[in-house]
There are 4 protein chains.
Amino acid sequence: MLTPGAPKFRRRKADRPGEIVQAAMAVFAEKGFAAARLDEIAARAGVSKGALYLYFETKEDLFRAVVEQVISPNVQAVRALIASHPGPIGDLLRLVPERISVLMDTLPVGGVVKMVIGEAGNFPELARVWHDDLVAHALGALTRAIAAAQARGEVREGDPRMFAIEIISPMLIGVIWREIFVPIGAEPIDVSALARQHMDTMIRALTLPEARP
Amino acid sequence: MLTPGAPKFRRRKADRPGEIVQAAMAVFAEKGFAAARLDEIAARAGVSKGALYLYFETKEDLFRAVVEQVISPNVQAVRALIASHPGPIGDLLRLVPERISVLMDTLPVGGVVKMVIGEAGNFPELARVWHDDLVAHALGALTRAIAAAQARGEVREGDPRMFAIEIISPMLIGVIWREIFVPIGAEPIDVSALARQHMDTMIRALTLPEARP
Amino acid sequence: MLTPGAPKFRRRKADRPGEIVQAAMAVFAEKGFAAARLDEIAARAGVSKGALYLYFETKEDLFRAVVEQVISPNVQAVRALIASHPGPIGDLLRLVPERISVLMDTLPVGGVVKMVIGEAGNFPELARVWHDDLVAHALGALTRAIAAAQARGEVREGDPRMFAIEIISPMLIGVIWREIFVPIGAEPIDVSALARQHMDTMIRALTLPEARP
Amino acid sequence: MLTPGAPKFRRRKADRPGEIVQAAMAVFAEKGFAAARLDEIAARAGVSKGALYLYFETKEDLFRAVVEQVISPNVQAVRALIASHPGPIGDLLRLVPERISVLMDTLPVGGVVKMVIGEAGNFPELARVWHDDLVAHALGALTRAIAAAQARGEVREGDPRMFAIEIISPMLIGVIWREIFVPIGAEPIDVSALARQHMDTMIRALTLPEARP
DNA sequence: TATGAATGAGTGTTCATTCAT
DNA sequence: AATGAATGAACACTCATTCAT
């Protein structure tokens, strides 16, 4: 092999672990934990299988790293969302479609959601991390915003946590749909359009007439 | 065993395949396809591992049988639901909470949904069967009912398919929540109560004032 | 493959575990634990690699089984030896050569000794089992016999445990020699002859003139 | 590092290979060849794993170097021992305990013996080197000394090679014992004391009455 | 039918060895 | 000379599948 420029060993990159986690995220999201093969993760990351073990002790360890890596930027997004709800509830809800779009462009949300749903039973701690660090925060913030609006006479009576769930659910289902049914040729769901229409729906159903401008 | 007529508690052999499919459904729902072990399925079905191969050619084959077994009764339920919506849209929606409750008591819905979401990527035909035979039907029927109501001036304008999605989503999320987060100690979601509150929400948001009785 | 009489699956034998342990003993004795390959053990036992795992959980587990299997018959031999020393010490010592010969014909003593010596550091419990169940018993019995003979004025003064070690050592070295140096063409040691000459040596050195008949 | 003359504690590079061999000897003695990891050897030698390959081609090569390193000083000791036996056999034997003590303080004899015994099967040439260059020499010299003493009427009849083995064995066993059984809490053997008592034993048994002074 | 011992291809993991720096 | 990240072949172990009984 005299071809110059075809080195057997790649130069060591600064962010090997990051690249591996990216590749692993893709494969885990696609196949699930058990069906994912380290060979494929390594190939996609452009490294040898052995190299994975320079950065992660086991397959599980790598999976954990993926989950954490996915959660942390979202934690930021959630905090940002939480910080921006001073005004009337309608203003908050009208922000949601855009936020959702940004999130979906940033991360393979669908794959991640699929992964979490599919593996929660086999990795309870991961479900716990996911819930405690992300879902409960987001849901709690939205619930409190709604309760506050109820206290201000802006929103009609009803369980505020359930309202929050009602608000979020269609977008989640839209994301899952895209992951599950679009690949087999089902009619897509335009999640942004869905978000807009649903926010309109929720604003109409929640806000009291006397509070409307 | 020479006593004639004695084997009172002899295992009934009538529905071996059915028992196996039941056991398999439980294990697949719990672990996902790849992580499920035939050993465990056989043990739960009370048969030997070899016996599985008397009724099913491969693990995949058994998985397919599970999916079909789960779908078919639901197809019936969906057809029944579709057949029963002659009147105003509100009447139809008010039926949903009860139907949901019955469904959830009949089947391990959560496990199945989890299974479908988790394995759709690895088994595209299964996603297709699930979509074509069940989801598309149900969603289509609901969409058509809403479109008809719009034509009657009962429901405000908006994409009827999205309305259908908005209607169904929270219950699905509730079911998934029960499967994913309740086992790790998260606060449960009362799916029935959620269904009632959400139907109220949707009726308020969808029906036009002039159409209300 | 229509050739009859060439079954892919062997008939299940009554003593598969036993055969596997035999094969494993040979390979472990030859190579040591780490260098032994399960493939080879399986091949020598005439089974597939997977079959090993029907009977033993891990390679270590199999190794432990080998050590125990090797010890237990020896425990019997030692007890028998211990039981047979009523008379003067010379009578006891004159029994040793024959016992040694029998033992060496029964078991791959050399290989086992080699194995124990080579792996004691990596498997301390095994060294412990070997010592507690076998070596300490044998050495203790011999030591007590010598001490009793000293008390009777038969044997000259000196540390009886060291006398015991002096008595046994050459045979052990002979066995090790056979294992280590004979395969490379070194001059063999006739362990039986060595035992006879050494017993003569020890009887001469230990027994007091006045006690000699 | 611009300060000239500053690196007072700069690692002396003079004897890298020697340091590596020392570290390797320790690890090989502890674990055996197959179970020894180059990582650990490098760490103990205070160099990187790659550095080993600057001095040794392969792991086997390093192992060979260790064996040779261990043998050569002993060859000297043996020659010295051989040179010093002009007089009566008793004088020679009375030198043994002290020689043994010196040897044991100089080298990890136990570990080395363990290593040789454990790996002789996997590295026949090593067994050969060990035998030809060391063991055969030492044993031969002792055998000849005994034969000469027999010719002089000093020592009673009997196979002189076996007498030599009888003489040496207990000390070897003592060394092995220290390596194998002491770490697990067994009662130690005082090799020096054993050597003294055993030499006494052998002198009594070998020398003829008429030859005693 | 039914069993379960046995198989063997496949996967996670280790580690001696290599090479860009 | 020296490093240590990277490689890849080798090995322990798993598990869907088969077949003698």
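In what follows, chains are A, B, ... by sequence order, proteins preceding strands, each numbered from 1. Model, not experiment: these values are computed from the prediction.
Among pairs with a residue in residues 36-50 of chain D, those fulfilling salt bridge (charged side-chain N to carboxylate O under 4.0 Å, His left out) read E30(D)-R44(D), K31(D)-E40(D), R37(D)-D39(D), D39(D)-K49(D), E40(D)-R44(D), at least two apart in sequence or across chains.
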For Y55(C) and I20(C), what are the C-alpha separation, side-chain angles and deciding distance, and is it a side-chain contact (heavy atoms from CB on, under 4.5 Å)?
CA-CA 9 Å; Y55(C) 305 103; I20(C) 292 172; 3.6 Å; yes
Show your working on side-chain contact (heavy atoms from CB on, under 4.5 Å) between V47(C) and L52(C) and close with a plain yes or no.
CA-CA 8 Å; V47(C) 300; L52(C) 303 182; 4.1 Å; yes
Using side-chain contact (heavy atoms from CB on, under 4.5 Å), reason through L38(B) and Y53(B) one step at a time and then give a plain yes or no.
CA-CA 10 Å; L38(B) 291 187; Y53(B) 285 83; 3.3 Å; yes
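In this structure, OH of Y53(D) is placed 18 Å from P of dA6(F), rounded to the nearest angstrom. One can place CG of L54(C) at 14 Å from C1' of dT3(E), the figure rounded to the nearest angstrom. The CD atom of E60(A) sits 9 Å away from the P atom of dT13(E) (whole-angstrom rounding). Between F63(A) atom CZ and dG12(E) atom C1' there is a gap of 16 Å when expressed in whole angstrom units. Atom pair D61(B):CG and dA16(F):P shows a separation of 15 Å (rounding to whole Å applied). Rounded to an integer number of Å, the gap from CD1 of I20(D) to C1' of dA1(F) is 11 Å. In this structure, the CG atom of L52(A) is 11 Å from the C1' atom of dA6(F), given to the nearest Å. Taking atom NZ on K31(B) and atom P on dA16(F), their separation rounds to 11 Å, with Å as the unit.
Between F28(B) and F63(B), the angle of the ring planes goes over 60°, which puts this pair in the perpendicular group of the 30/60° scheme.
Considering all non-hydrogen atoms of both residues, I184(D) and P124(C) come closest at CG2-O, 3.5 Å. Closest of all the heavy-atom pairs between V70(B) and M25(B) is CG2-CE, 3.3 Å.
By the 6.0 Å contact criterion, CD on E57(B) is open, its count of non-hydrogen atoms from other residues, nucleotides or ligands being 12 or less.
Nearest-nucleotide positions on DNA chain E for T58(A) and S48(C) put S48(C) closer to the 5' end. Both A51(C) and G50(A) lie near DNA chain E, and the one whose nearest nucleotide falls closer to the 5' end is A51(C).
Residues from residues 33-40 of chain D placing a heavy atom under 4.0 Å of any atom in DNA chain E, listed by number, are A36(D), R37(D), L38(D).
Side-chain to base pairing of K49(B) with dT3(E): no donor and acceptor N or O lie closer than 3.5 Å to each other.
A salt bridge does not link R64(A) with E68(A): every distance from a Lys NZ or Arg NE/NH1/NH2 to an Asp or Glu carboxylate oxygen is 4.0 Å or more.
Among the atoms of the strands shown, only primed sugar atoms or phosphate atoms (P, OP1, OP2) are found under 4.0 Å from some heavy atom of K59(C).
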In dot-bracket notation, what is the pairing pattern of DNA chain F, taking Watson-Crick (N1-N3 plus N6-O4 or O6-N4) and G-U wobble (N1-O2 and O6-N3) contacts under 3.5 Å, with [ ] crossing and | for other strands?
.||||||||||||||||||||
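Regarding contacts with the backbone of dA6(E), a side-chain N or O of R16(C) is found under 4.0 angstrom from either OP1 or OP2.
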